[in-house]
Amino acid sequence: MKAQGISSFFIGSSVVYQTLLMTVIGATLGLIFTLLTALYLPAKGTFAFSWELIGITMILMIVFAVLGGLLSVRQIVRIDPS
């Protein structure tokens with residue numbers, strides 16, 4: 001894309017946006033499947049459901065995914081398009 005003249009800012013923002021979008025979709029699907037699983041487990045089972053833990057985990061997952069995306073943006077910016 002850099003060889004086509006697209007700016008590093010546009011490429012970087014696209015990578016971060018796509019990473020954020022995919023992480024939020026994945027976290028939401030994971031939450032949905034967790035809730036569905038909790039519905040079918042017996043009430044006296046060993047499954048403990050904590051909204052705080054799930055919320056913290058989802059936030060950290062999104063933060064680390066965006067940070068990982070920024071590492072790839074750093075590599076993209078360093079590439080010489082010629």
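Just the heavy atoms: all of them, side chains too, but no hydrogens, waters or symmetry mates, feed the values below.
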Sequence neighbours left out, what passes side-chain hydrogen bond (donor to acceptor under 3.5 Å, both in side chains) with E52? Give chain and number order. S50

Would a 4.5 Å heavy-atom cut-off, applied to side chains only, mark I62 and L20 as touching? yes

Side-chain atoms of residues 64-71: list all donor-acceptor pairs with protein atoms under 3.5 Å, sequence neighbours left out, distances to 0.1 Å.
none

Same cluster or not: V73 versus Y17, using hydrophobic residues (I, L, V, M, F, W, Y) connected whenever any side-chain heavy atoms lie under 4.5 Å apart? no

Report whether I56 and V24 are members of the same hydrophobic cluster (ILVMFWY, side-chain heavy atoms less than 4.5 Å apart, transitive linking). yes

Please round to the nearest 0.5 Å and tell me the distance separating atom OG1 of T28 and atom CE of M58. 5.0 Å

Rounded distance [0.5 Å steps], CG in L29 versus OG1 in T34: 10.5 Å

Among all residues two or more places apart in sequence or in another chain, which pass the side-chain contact (heavy atoms from CB on, under 4.5 Å) test with L35? L31, F49, W51

